[in-house]
Amino acid sequence: MKTRQVAVGDSFMNVAVEGSGHPILFVHGFPLDHSMWRYQFEEFAKRHLVICPDLPGFGSSPASHTPMTMQSLAHQIAALLGALTVNKPVVFCGLSMGGYVGWQFWRHHANRLSHLVACDTRAANDLPEVARGRKLAALNVRKTGTRPVADAMVEKLFYRPDHPEKKSVAESVHQVILQTDPESIARGQLAMAIRPDTTTWLKQIEIPMLWVVGAHDTITPPDEMRANADLVAGSEFLKISRAGHLAPLENPGEFNRGLAAFLD
Ligand code: MLT
């Protein structure tokens with residue numbers, strides 16, 4: 001995926017952009033980058049303008065001067081769309097942390113949004129013990145660097161990361177995490193720890209919405225996502241086989257067919 005640096009406010013964002021038509025914005029999870037959408041990028045660029053940014057502090061986007069919150073990330077994405085002169089409402093497709101940013105995008109930038117796709121994510125905020133774990137993880141990554149995070153996360157993100165079918169994508173995700181600035185990982189954890197509960201917003205969503213989850217996702221399990229989906233009238237729900245938390249990367253064929261059918 002060819003990327004470029006785009007000036008956004010007083011900083012830059014690294015972004016891959018291709019195609020033309022109804023814009024789709026793919027927003028990565030934590031602590032990943034645009035490359036997790038590699039199997040969607042070319043496929044959807046055949047009929048859409050596809051935009052895959054690195055969120056500030058991740059991939060090759062420099063960290064922002066603004067404190068990181070899910071809301072500030074949503075504002076930065078809206079500013080990126082402005083900088084790219086994308087004025088038509090977009091399909092916002094966010095995975096996990098990208099989904100947390102999606103709720104804020106829906107809340108604060110509704111005029112920029114036509115469809116919402118929530119992948120392997122949830123509307124609830126953290127339980128107190130989870131938030132405490134994130135604060136500890138932020139302290140630890142500043143001390144130990146990214147290797148322990150990369151090793152532990154790959155095990156959790158994928159369904160069967162050692163399976164021959166998964167090995168090369170699991171290794172590439174491991175590399176992305178290894179190369180992420182530990183400070184951004186710490187800031188991301190702290191930002192997720194203070195994110196608000198957005199469950200009550202779900203009943204107010206009136207745009208077309210799709211939920212997608214890996215059948216073996218243990219981070220945001222299918223049952224929890226199904227319960228969230230039931231709160232959005234008319235939303236569609238798709239379970240992807242042979243996939244854990246990274247459904248678009250683990251089973252791109254099934255994911256892409258589902259997303260294309262939703263957008264048709
Ligand atoms: C992600 O994939 O973005 C993370 O698992 C989100 C989280 O830690 O809640």
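When a ligand or atom number is given, it counts from 1 through the structure's own listing order. The first residue in the sequence is number 1, and the count goes up from there.
Without hydrogens or angle criteria, D217 side chain to L246 main chain gives no donor-acceptor distance under 3.5 Å.
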Show every donor-acceptor pair shorter than 3.5 Å between a side-chain atom in residues 225-233 and any protein atom, with sequence neighbours excluded, or say none if there are none.
unit_1	atom_1	unit_2	atom_2	d
R226	NH2	D230	OD1	3.4
N228	OD1	A123	N	3.0

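Grouping Ile, Leu, Val, Met, Phe, Trp and Tyr by side-chain contacts under 4.5 Å, direct or through others, leaves F12 on its own.
A salt bridge does not link K167 with D162: none of the charged nitrogens is closer than 4.0 Å to a carboxylate oxygen.
Under the rule for a ring pair (Phe, Tyr, Trp, His ring centres under 6.0 Å), the partners of F105 that lie at least two apart in sequence or sit in another chain are F92, H109.
Summarising the geometry of R38 relative to V169, their closest heavy-atom pair is NH1-CG1, 3.9 Å, with the distance given to 0.1 Å.
Protein residues with any heavy atom under 4.0 Å from ligand 1: G29, F30, S96, M97, Y100, R134, M192, I219, H245.
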